**Q** 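Just dropping this structure here.
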Number of protein chains: 2
Amino acid sequence: MKSDLTQRQQEVLSFIIRHQQTNGAPPSQREVALEFGFRSTTAVADHLRALRRKGYLDHRPHQARSLRVLSRTDSTELSPTRPMIVDIPVFGCIPAGFADERRQDASEGCISVDVETLGVKPTARTFALEVRGDSMIGRHIMEGDYAVLEHGMDPRPGDVVAALIDNESTLKTFVKQGGKPCLKAENPKYPNLIPAQELVIQGVMVALIRKYR
Amino acid sequence: MKSDLTQRQQEVLSFIIRHQQTNGAPPSQREVALEFGFRSTTAVADHLRALRRKGYLDHRPHQARSLRVLSRTDSTELSPTRPMIVDIPVFGCIPAGFADERRQDASEGCISVDVETLGVKPTARTFALEVRGDSMIGRHIMEGDYAVLEHGMDPRPGDVVAALIDNESTLKTFVKQGGKPCLKAENPKYPNLIPAQELVIQGVMVALIRKYR
DNA sequence: TTTCATACTGTTTTTTTGAACAGTATGAAA
DNA sequence: TTTCATACTGTTCAAAAAAACAGTATGAAA
């Protein structure tokens with residue numbers, strides 16, 4: 001991995017990433033020099049230039065501590081790691097008029113996840129829902145779990161979706177029965193199979209987070 | 001929430017957090033001034049001083065872009081948000097000689113989670129394990145899930161733990177049977193009840209992350 | 001052998017940035 | 001009424017930091 005970088009360049013890049021994670025901000029050139037014992041910041045500038053040329057770094061000229069580590073999504077394309085961490089609002093239950101008032105007053109707090117952790121990049125339409133009841137126990141989704149959902153996504157058969165039933169959101173499995181989209185509960189205690197056209201699908205489940213202890 | 005802050009102070013704090021998340025580094029005083037249309041950086045400095053005094057911010061004097069947002073753990077104590085995001089190494093399976101060589105070459109990648117998301121603060125002893133098999137299906141832990149574990153934690157009865165059996169780690173439930181610690185599988189297909197003294201407990205499960213799609 | 005990227009030292013210049021100083025205006029509490 | 005925190009303007013100053021020279025040394029490729 002990262003075979004196109006020299007030993008030294010990799011060390012510098014690692015330090016920058018490490019510094020960012022432990023200090024909340026990228027290091028200055030002098031701090032890098034100090035770390036490696038360079039007596040001149042020019043050495044650092046050289047390495048940064050190489051890292052920039054090779055596509056691992058970005059920075060804004062003449063701006064203090066403006067280093068940004070880029071991550072490779074595939075071999076060619078590069079994208080900044082900027083929104084590394086996204087705050088996903090957690091709702092106890094989703095109110096009826098949802099689409100407009102996303103974000104803001106996520107009274108239950110936020111889950112912060114980085115883009116890498118979830119396969120899907122969280123967008124402004126991503127939200128989390130604390131699971132209530134055991135309607136999805138058949139899919140091993142328990143009460144108290146946090147369901148991470150994406151609003152406005154096209155559900156595919158088998159996907160878990162959040163639907164608004166009786167002004168409360170419930171998780172169901174999205175299926176197709178004879179060509180018609182339906183919602184299936186994963187617990188015999190709950191009514192099965194509800195035609196999906198008649199209700200609002202609020203989001204498709206993309207991840208689950210469960211806390212122990 | 002945050003009723004001890006004025007409207008303006010809250011706005012400034014929000015901008016700093018937002019800037020940090022979208023740009024990877026906190027803003028300079030001038031950037032804050034620009035955002036709010038202040039014609040003097042003194043206004044910003046005033047707000048920062050107030051936020052610092054009230055315990056919401058920290059910074060290193062005379063250092064560019066050194067603002068750090070603090071989070072309240074309880075009403076009195078303050079702790080820096082520095083290691084907001086911690087990289088938890090993911091192992092496919094944990095090798096026998098574990099304790100020493102934590103971190104490094106987490107070949108399967110990393111899960112980044114913030115301190116708030118998991119109730120437990122991730123330490124250097126926190127690691128993740130991709131769940132193989134269905135030995136814990138009774139606790140609704142599925143194949144492919146990521147179990148987040150804490151090494152060196154004292155297991156309590158009922159906790160899910162990772163144990164090294166036949167040089168491979170397996171998840172089990174930690175129980176006490178007649179005063180003796182035992183490990184219980186949560187699937188009838190697997191051998192039940194193994195005395196816990198005879199094997200290495202590698203970690204106690206603190207969270208679970210599951211990805212869909 | 002020449003060229004070229006890497007990996008540095010040492011010095012100087014220019015920007016950026018935080019901080020200090022001197023004020024003004026407002027509204028709430030004492 | 002005085003005091004005090006908030007919320008600013010406008011200016012100046014000094015430290016921090018990036019950038020720009022001008023070099024040296026090394027090893028690999030052409």
Side-chain angles (χ1 to χ4, degrees), chain A residues 1-20 22-70 80, chain B residues 1-20 22-70 80:
Chain A
M1 18 75 171
K2 282 162 191 179
S3 50
D4 53 334
L5 291 186
T6 66
Q7 172 73 28
R8 212 46 165 169
Q9 285 164 5
Q10 242 181 88
E11 286 172 24
V12 171
L13 185 61
S14 292
F15 173 68
I16 293 168
I17 295 169
R18 203 163 53 241
H19 190 283
Q20 183 139 43
T22 51
N23 294 292
S28 68
Q29 290 185 14
R30 264 163 194 83
E31 284 169 342
V32 177
L34 207 73
E35 168 76 12
F36 291 94
F38 301 159
R39 279 178 256 172
S40 169
T41 58
T42 310
V44 180
D46 282 350
H47 286 128
L48 297 185
R49 185 156 23 81
L51 285 167
R52 229 174 309 152
R53 180 169 50 77
K54 291 178 179 177
Y56 286 92
L57 265 188
D58 190 17
H59 87 301
R60 285 190 279 276
H62 297 284
Q63 192 168 309
R65 294 169 190 275
S66 62
L67 294 174
R68 278 210 322 236
V69 179
L70 303 176
Chain B
M1 17 76 169
K2 282 163 191 177
S3 50
D4 54 335
L5 290 186
T6 65
Q7 173 72 27
R8 213 48 165 167
Q9 286 165 5
Q10 247 184 81
E11 286 172 25
V12 171
L13 185 60
S14 293
F15 173 69
I16 292 168
I17 295 169
R18 202 162 55 240
H19 190 283
Q20 183 138 43
T22 51
N23 294 293
S28 68
Q29 290 185 14
R30 269 166 188 80
E31 284 170 342
V32 177
L34 205 74
E35 168 76 12
F36 291 92
F38 301 159
R39 279 178 257 173
S40 169
T41 58
T42 311
V44 181
D46 283 349
H47 286 129
L48 297 185
R49 185 155 24 81
L51 286 167
R52 228 175 309 154
R53 180 169 51 77
K54 291 179 180 177
Y56 286 92
L57 265 188
D58 189 17
H59 86 302
R60 286 190 280 274
H62 298 283
Q63 193 167 311
R65 294 167 190 275
S66 62
L67 294 175
R68 278 206 325 235
V69 179
L70 304 176

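Numbered from 1 within each chain, the chains take letters A, B, ... in sequence-line order. Owing to the predicted nature of the structure, the values given are computational and were not obtained by experimental measurement.
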**Q** I need the Arg30(B) CZ to Ser40(B) OG distance, nearest 0.5 Å.
**A** 9.0 Å
**Q** For Ala43(B), answer base if it contacts any base atom (sugar-phosphate contacts may also be present), sugar-phosphate if it contacts only those atoms, and nothing otherwise; contact means non-hydrogen atoms under 4.0 Å.
**A**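 If one applies the 4.0 Å heavy-atom cut-off, Ala43(B) turns out to touch a base.
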**Q** Using purine N1 to pyrimidine N3 plus N6-O4 or O6-N4 for Watson-Crick, or N1-O2 and O6-N3 for G-U wobble, each under 3.5 Å, what pairs with dT3(D)?
**A** dA28(C)
**Q** Can you measure Leu48(B) atom CG to dA5(D) atom C1' for me and round it to whole angstrom units?
**A**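 Atom-to-atom, Leu48(B) to dA5(D), this comes out as 16 Å.
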**Q** Check the distance between dA20(C)'s P and Asp46(B)'s CG and give it to me in whole angstrom.
**A** 12 Å
**Q** Give the rounded distance in Å between these two atoms: CZ of Arg49(A) and C1' of dA7(C).
**A**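 After rounding, the reported distance stands at 11 Å.
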**Q** In whole Å, what is the span from the CD atom of Gln7(A) to the P atom of dA7(C)?
**A**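 Whole-Å distance recorded here is 9 Å.
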**Q** Using the side-chain heavy atoms of Gln29(B), tell me which of these nucleotides is nearest: dG18(C), dA17(D), dA7(D).
**A** dG18(C)
**Q** Examine dC8(D): is either OP1 or OP2 under 4.0 Å from a nitrogen or oxygen in the side chain of Arg39(B)? Give yes or no.
**A** no
**Q** Output yes when at least one side-chain N/O atom of Lys54(A) is less than 4.0 Å from OP1 or OP2 of dA5(C), else no.
**A**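 No, no such contact exists.
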**Q** Closest-nucleotide mapping onto DNA chain D: is Phe38(B) or His59(A) further toward the 5' terminus? I mean the 5' end.
**A** Phe38(B)
**Q** Confirm from the modelled atom types if Ser28(B) and dG18(C) form a donor-acceptor pair under 3.5 Å, side chain to base only.
**A** no
**Q** Using a heavy-atom cut-off of 4.0 Å across all strands, would you classify Ser66(A) as base, sugar-phosphate, or nothing?
**A**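 Result for Ser66(A) = nothing.
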**Q** Write down the partner of dG23(C) under the Watson-Crick or G-U wobble criteria, each distance required to be under 3.5 Å.
**A** dC8(D)
**Q** What verdict does the side-chain contact (heavy atoms from CB on, under 4.5 Å) test give for Gln9(B) and Tyr56(B), after you've listed the backbone C-alpha separation in whole Å, the side-chain angles of each residue and the deciding distance to 0.1 Å?
**A** CA-CA 10 Å; Gln9(B) 286 165 5; Tyr56(B) 286 92; over 6 Å; no
**Q** Please work out if Arg60(A) contacts a base, only the sugar-phosphate, or nothing of the nucleic acid, heavy-atom cut-off 4.0 Å.
**A**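 Arg60(A): no heavy atom of the nucleic acid under 4.0 Å.
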**Q** Once you round it to whole Å, what is the distance between P of dA17(D) and CD of Glu31(A)?
**A** 6 Å
**Q** For the residue pair His19(A) and Glu35(A), establish whether any side-chain heavy-atom pair is separated by less than 4.5 Å.
**A** no
**Q** Let me know the distance between CD of Glu11(B) and C1' of dT6(D), rounded to the nearest Å.
**A** 14 Å
**Q** Return yes if some donor-acceptor pair links the side-chain N/O of Thr41(A) with the main-chain N/O of Val44(A) below 3.5 Å, else return no.
**A**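 Flag not set: sc Thr41(A) to bb Val44(A) has no pair under 3.5 Å.
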**Q** Which part of the nucleic acid, if any, lies within contact of Arg8(B), taking any heavy atom under 4.0 Å across all strands shown: a base, the sugar-phosphate backbone alone, or nothing?
**A** sugar-phosphate
**Q** Go through it in stages, so that I can follow the logic: the residues are Leu48(A) and Val32(A), the test is side-chain contact (heavy atoms from CB on, under 4.5 Å), and I'd like the CA-CA distance, side-chain angles, deciding distance and then a yes or no.
**A** CA-CA 10 Å; Leu48(A) 297 185; Val32(A) 177; 5.8 Å; no
**Q** Rounded to whole angstrom units, what separation is found between the CG atom of Leu13(B) and the C1' atom of dT6(D)?
**A** 17 Å
**Q** Using a distance-only criterion (donor-acceptor N/O pair, under 3.5 Å, no hydrogens), is the base of dA18(D) paired with the side chain of Arg30(A)?
**A**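 Per atom types, the contact qualifies.
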**Q** Heavy atoms only, 4.0 Å cut-off, all strands: where does Ser40(B) land among base, sugar-phosphate and nothing?
**A** base
**Q** Please give, in whole Å, the distance from dA5(C) P to His47(A) NE2?
**A** 15 Å
**Q** Looking at dA19(D), dT11(D), dA16(D), which one has an atom nearest to any side-chain atom of His62(A)?
**A** dA19(D)
**Q** Quick one: the side chain of Thr6(A) and the base of dA5(C), do they pair up donor-acceptor inside 3.5 Å?
**A**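 Under the 3.5 Å cut-off, the side chain and the base do not form any donor-acceptor pair.
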**Q** Quick one: does any side-chain atom of His59(A) pair with a main-chain N or O of Arg68(A) as donor and acceptor, under 3.5 Å?
**A**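 Not a single qualifying donor-acceptor pair exists.
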**Q** Between Arg53(B) and Gln63(B), which has a closest nucleotide on DNA chain D that is more 5'?
**A** Arg53(B)
